[in-house]
Participant: 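Next up is a structure, given as structure tokens.
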Amino acid sequence: RLQPHSSAYVFRYAALRILAIDIFLDRKTAETIARFIQPLRKVNDENSEDPEKWVNEITLKMEKHHSEPDRITDGDVTLANSDRIYFEQFVVHPVRLSLTFTQEWTDWNSATEGLTIFQLIRGMASIANAPLTFTSFVVDHAFEAPDALLRIVTAHYSSQLTKQIFGIIGSLAILGAPADFFSNVGTGVRDFFYEPINGLVHGPEQFIEGLEVGTQSLARGVFVGVVRGAANVTEVVNHNLAGLTADEVFIGERNAHQRMLTDAMSRGTANRTIGDSLYLAGASVARGVKSGAMGIVEQPTIYASKHGPIGLLKGVGKALVGAIVKPVVGVGDAAVLVMNHVSEATSDKVVLLKIPKRLRRALPRKSSDIPHGVQLVAYDERAAKAQKIVTGGESLDDVYIGHVNTSTHLIISSELCLWVIEKESREPWCLNWDEVSHFRMLEGGMMQITIFSQTGLRSHIFHVDSPIEVAQLYQLLAMQRDKMGNCSSNRGSFGSLDRSMSNGGVEQLFQVHIQGVKTQQNNHVFGSFNKSRRNVSDSANDEIEVIEQCFVRVKKLGSEQSTFFKLLDEEAWTLIYSWGQVFSGLSSRRCMAVGIINGTGSDLQIKSTKLLEGGSPCYTIPTKEFKEDQNLLRPGGAIILFGWGVVPNLLQDGRVFMNIETNAFVADLSVWKSQSSKTKLQSTYALPMPGYQVGFLEKSYDDSGWWAKYWLLVRKT
């Protein structure tokens, strides 16, 4: 310290060294930054609305502060020195940056309007490896406040940045091809004259050797310049052609593959052979042809399901463009790979491999004891690889939580999904947490995870090797319990409907007594009839006839039949199947069937059933245990609720969203799967009232979103 009562610090020597940095920036990232700083910009705008008023307020404040009679000069001096820092020598070593900016098409965002820097970014062309070099900052005997010193350092580097604008312009991707060509040819021409002259100084033999070396360098420079220039031009053209397809999935997959390939090449180009390059080139061609062929089938279907007849025409046009352009892009990518390999093999330049010290550090694990906290653990390479799978190489908005590596499977838990990868086949499957029904421990160190599938509940058993891994897997699943369809402790769980059911699994559901059901039911998995073809009556020509025929059949069913549950499930699927046969093609409409079984042992009051989104009333199809005048479902009875949406068009996608309210539970159900598991209030949930429990016996969806089928079992606690 400078003085006994001063807070000014003295540093004999301070130095800062920053290693070389490669910055890769795309327009989407810039837009994200703009949205982040927009609130800060609004605050600054509010503070600078009236500059004259602001100056007057500051002046009055300063006058009042310095007009106090009891102020002492020595105190002012001490206060001025108290916030300063003294450096006997302060050094910032040279800084080297490499900037790469990728321009891409993105949706318009109002958050970036008015920000000059991002308006410039929108008009910028792509930049490839622009070198930015900043000289050292050295100062002796600096005695300044931190803010003042920071302004001086910032001014030092800002002035150097303005001088390097031409270097950035020279690195524009569109100028990369001619600049690279002239660079290679210029090197060859220089060697062609320099090497013979340098050899002539030493003697005739050295002159001949120099002439040979110079000629080879000239030929090599011309060849490499032409090939590399052609590769650069082809790459720019390919990027624009890929954007012409307007297929975000194809563009995203291509960009991810390009980033992965660039990273792999930079890590080890020395061992790459022409065979490897030809293999990668063939894969690029195959990928383009496959995407174009699949688009012919998928694009019209997707657009027709979302926008109806007009969407069908749009999908056909997009599919035709993709069928032509995507294979061309694949061939272009293949040509770039081969030309780059040839130029690298011919060039005599030494390529420095960029081998990182380690993979990206995995995010900290969460703890089930502290849900909102994290547990810092030592770096784990396997955890880093698991995180890369979860985030799709930083392209997906998900958070890695933990993983368990068994002898046969790799099980990964993330914030949104459950990942299971079989080690032999390397085939991964990924489920949102609300697609998981429940889980339970089995004897012998096995874990059973039950999921919702298109044909009903399905159980998977995983063998875990050690008790430690069993505890880890249980902890990972228990942390996501509230997001599962039938495992939430605060919503009433499928597993807790009955202890014997939880211990015995889904297959034991019908071996326990359900209050109100008069006869023990035969084993049946709700949803097992799905995808089966049913006999449709020729007299069912419209929606009313389809519903009336189903109503007549269901009204005859009762819980005294041992096949009661099986017949109910069959009728619900027959209703959906008949609907698809009556309304097909351009008149297709989405539909949803919801079945409710009363296992409470008392009357279930159906207060309201309505479609919050859709194109029909909510039709009720009850069994004979239903009192229509009071909307009471007697114990052991069941009811099927059915509704449909409008024909999809440009303004409406025809979705169906049903709300159910009873004295035992409330539910919101959608024809589509939940898109996110971040919140408990999802598009499909059932919330029990105090004293009741509700669980999903089935939660099935069509792959294209045309139908959804639910079965709910309600019981008392």
Participant: Counting distance only, does the side-chain N/O of Thr623 pair as donor-acceptor with the main-chain N or O of Ala638 below 3.5 Å?
Facilitator: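 The answer is yes, because a donor-acceptor pair under 3.5 Å joins these two groups.
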Participant: Can you list every pair that meets salt bridge (charged side-chain N to carboxylate O under 4.0 Å, His left out) and has a residue in residues 631-647, with sequence neighbours left out?
Facilitator: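 Residue pairs with at least one partner in residues 631-647: Asp603-Arg634.
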Participant: If we only count heavy atoms from C-beta on, is the Gln480 to Phe439 side-chain gap below 4.5 Å?
Facilitator: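 Gln480 vs Phe439: side chains apart.
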Participant: Tell me whether the centres of the aromatic rings in Phe642 and Trp579 are closer together than 6.0 Å.
Facilitator: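 For Phe642 and Trp579, the ring centres are under 6.0 Å apart.
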Participant: Please check: side-chain N/O of Arg590 versus main-chain N/O of Pro648, any donor-acceptor pairing under 3.5 Å?
Facilitator: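 It does not hold such a pair.
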Participant: Between Thr609 and Met658, is any pair of side-chain heavy atoms under 4.5 Å apart?
Facilitator: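 SC-SC contact between Thr609 and Met658 ruled out.
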Participant: Can you find a heavy atom in the side chain of His403 that is under 4.5 Å from one in the side chain of Ser413?
Facilitator: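 Answer no - side chains too far apart.
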Participant: Is there a side-chain contact between Ile640 and Trp711, using heavy atoms and a 4.5 Å cut-off?
Facilitator: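 Heavy-atom side-chain distance check passes, below 4.5 Å.
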Participant: Compute the centroid of each ring, for Phe462 and then for His409, and state whether the two points are separated by less than 6.0 Å.
Facilitator: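 Yes - the distance between ring centres of Phe462 and His409 falls below the 6.0 Å cut-off.
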Participant: Taking the basic N atoms (NZ, or NE/NH1/NH2) and the acidic carboxylate oxygens, is any pair closer than 4.0 Å for Glu415 and Lys483?
Facilitator: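 Yes, charged N to carboxylate O under 4.0 Å.
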Participant: Okay, side chain of Asn663, backbone of Leu604: is any donor-acceptor separation there less than 3.5 Å?
Facilitator: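 No, the answer is negative, given that no donor and acceptor are paired below the 3.5 Å cut-off.
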Participant: For residues Trp644 and Tyr619, establish whether the separation of their ring centroids is below 6.0 Å.
Facilitator: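 Here the rings of Tyr619 and Trp644 have centres that are less than 6.0 Å from each other.
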Participant: Distance-only, no hydrogens or angles: does the Trp433 side chain make a donor-acceptor pair with backbone N or O of Arg481 under 3.5 Å?
Facilitator: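 It does not hold such a pair.
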Participant: Got more than 12 heavy atoms from elsewhere within 6.0 Å of OH, Tyr474?
Facilitator: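 No.
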Participant: Given 3.5 Å as the limit, does a donor-acceptor pair link the side chain of Glu571 with the main chain of Val554, or not?
Facilitator: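 Pair absent, no side-chain N/O of Glu571 close to backbone of Val554.
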Participant: With a 4.5 Å cut-off on side-chain heavy atoms, are Met441 and Met447 touching?
Facilitator: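 Contact flag for Met447/Met441 side chains = yes.
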Participant: Determine which pairs satisfy salt bridge (charged side-chain N to carboxylate O under 4.0 Å, His left out) with at least one residue from residues 689-706, sequence neighbours left out, and list them in order.
Facilitator: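 Every salt bridge (charged side-chain N to carboxylate O under 4.0 Å, His left out) pair that includes a residue of residues 689-706, provided the two are not neighbours, is Glu698-Lys709.
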Participant: Do any N or O atoms from the side chain of Asn530 and from the backbone of Gln454 form a donor-acceptor pair under 3.5 angstrom?
Facilitator: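 Flag set: sc Asn530 to bb Gln454 pair under 3.5 Å.
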Participant: Set out, in order, the CA-CA distance, both residues' side-chain angles and the distance that settles side-chain contact (heavy atoms from CB on, under 4.5 Å) for Ile596 and Ile660, then state yes or no.
Facilitator: CA-CA 10 Å; Ile596 302 173; Ile660 305 170; 4.2 Å; yes
Participant: Any side-chain heavy atom of Thr662 sitting closer than 4.5 Å to one from Tyr692?
Facilitator: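 No, side chains not in contact.
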Participant: Just checking Lys423: does its NZ atom have more than 12 heavy atoms from other residues, nucleotides or ligands closer to it than 6.0 angstrom?
Facilitator: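 Enclosed: over 12 neighbouring heavy atoms sit under 6.0 Å from NZ of Lys423.
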Participant: With under 30° as parallel and over 60° as perpendicular, where do the rings of Phe696 and Phe452 fit, or are they tilted in between?
Facilitator: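 Rings of Phe696 and Phe452: perpendicular, over 60°.
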